[in-house]
Amino acid sequence: MKEIFAMGKPILLLAHVPFDSKLDSSLQAASKEVWQDRALIWGRGGDCNYNPDETTQELLDLIYAKDSPVKEIVCGHLHFSWDGSLTENTHQHVSPAIGKTVGIITVKGS
């Protein structure tokens, strides 16, 4: 992943489990509302259910970095839809369960 990030090209990252936003707690709150007070997302400490090991934390650090080339993250896991900013430079979309809906992602040039 470090080599891919170092290429400096914009990245669309697909993941199963969403990542905690560094800007607000709306995703944590939505997850807790649906999943019996559990924030089923990746994050360090706080209310996040999935705390990263050393390797996963390295990836999170790359994603959260100010100069991260990750522009969009698309994930699922929560079985509801959510859109928001992970950081000032990275947007995250949580897609509802596959089979019930179809999502379309439009990538616009800069």
Side-chain angles (χ1 to χ4, degrees):
M1 291 300 290
K2 288 178 185 178
E3 291 175 20
I4 293 170
F5 277 52
M7 295 170 81
K9 295 182 180 183
I11 293 174
L12 167 64
L13 181 65
L14 305 177
H16 180 75
V17 176
F19 302 95
D20 191 23
S21 172
K22 293 298 184 184
L23 301 179
D24 67 53
S25 60
S26 63
L27 180 57
Q28 280 190 29
S31 179
K32 286 177 162 188
E33 185 175 319
V34 173
W35 294 104
Q36 296 78 39
D37 206 33
R38 295 179 296 162
L40 300 178
I41 58 179
W42 281 108
R44 170 96 34 213
D47 291 335
C48 297
N49 225 54
Y50 303 116
N51 290 296
D53 61 15
E54 186 177 316
T55 302
T56 305
Q57 186 60 51
E58 282 186 61
L59 175 61
L60 291 175
D61 291 344
L62 290 169
I63 292 169
Y64 290 130
K66 283 192 176 261
D67 62 346
S68 175
V70 177
K71 301 303 176 199
E72 180 77 32
I73 297 174
V74 178
C75 45
H77 187 59
L78 297 175
H79 297 266
F80 62 80
S81 185
W82 181 89
D83 281 288
S85 294
L86 192 69
T87 67
E88 299 217 4
N89 300 316
T90 304
H91 181 265
Q92 179 168 243
H93 173 75
V94 177
S95 181
I98 299 296
K100 295 182 180 180
T101 62
V102 174
I104 297 173
I105 299 169
T106 303
V107 179
K108 298 178 181 180
S110 52

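Quick note: residue numbers are just sequence positions, from 1.
You'll find the ring centres of Tyr50 and His16 outside the 6.0 Å limit.
Between Leu86 and Asp20 the shortest heavy-atom distance is CD1-O, 3.1 Å. Nearest heavy atom pair, residue Leu23 against residue Glu88, reads CD1-N, 3.8 Å. Of all heavy-atom pairs spanning Gly84 and His91, the tightest one is O-CD2, 3.2 Å. Closest heavy-atom contact between Pro52 and Gly43: CD-O, 3.3 Å. Taking each heavy atom of Gln28 and Ile41 in turn, the nearest pair found is CG-CD1, 3.5 Å.
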Residues Ser85, Lys22; criterion side chain to side chain contact (heavy atoms under 4.5 Å, CB included); working and verdict: CA-CA 8 Å; Ser85 294; Lys22 293 298 184 184; over 6 Å; no
Assess whether side chain to side chain contact (heavy atoms under 4.5 Å, CB included) is satisfied between Leu40 and Val17, documenting all intermediate values. CA-CA 8 Å; Leu40 300 178; Val17 176; over 6 Å; no
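A distance of 7.5 Å separates CG of Leu60 from CH2 of Trp42, quoted to the nearest 0.5 Å. Remark: Leu78 CG to Trp35 CH2 distance equals 8.0 Å, nearest 0.5 Å. Atom CD of Glu54 is separated from atom CG of Leu59 by 13.5 Å, given to the nearest 0.5 angstrom. Glu58 CD to Lys2 NZ: the interatomic distance, rounded to the nearest 0.5 Å, is 4.0 Å. With rounding to the nearest 0.5 angstrom, the OG atom of Ser31 is 7.5 Å from the CG atom of Asn49. Interatomic distance, Gln92 CD to Ser21 OG, rounded to the nearest 0.5 Å: 8.0 Å.
In terms of modelled atom types and a separation under 3.5 Å, the side chain of Ser95 and the main chain of Gly76 share no donor-acceptor contact. Of the possible polar contacts, none joining the Thr87 side chain to the Tyr64 backbone as a donor-acceptor pair under 3.5 Å is found.
Hydrophobic clustering (ILVMFWY, side-chain heavy atoms < 4.5 Å, transitive): Ile11 and Ile63 are in one cluster.
Leu13 has its side chain within reach of Phe19: a pair of non-hydrogen atoms, C-beta onward, lies under 4.5 Å apart. Two residues are said to be in side-chain contact when any heavy atoms from C-beta on lie closer than 4.5 Å; Pro69 and Lys9 fail this criterion.
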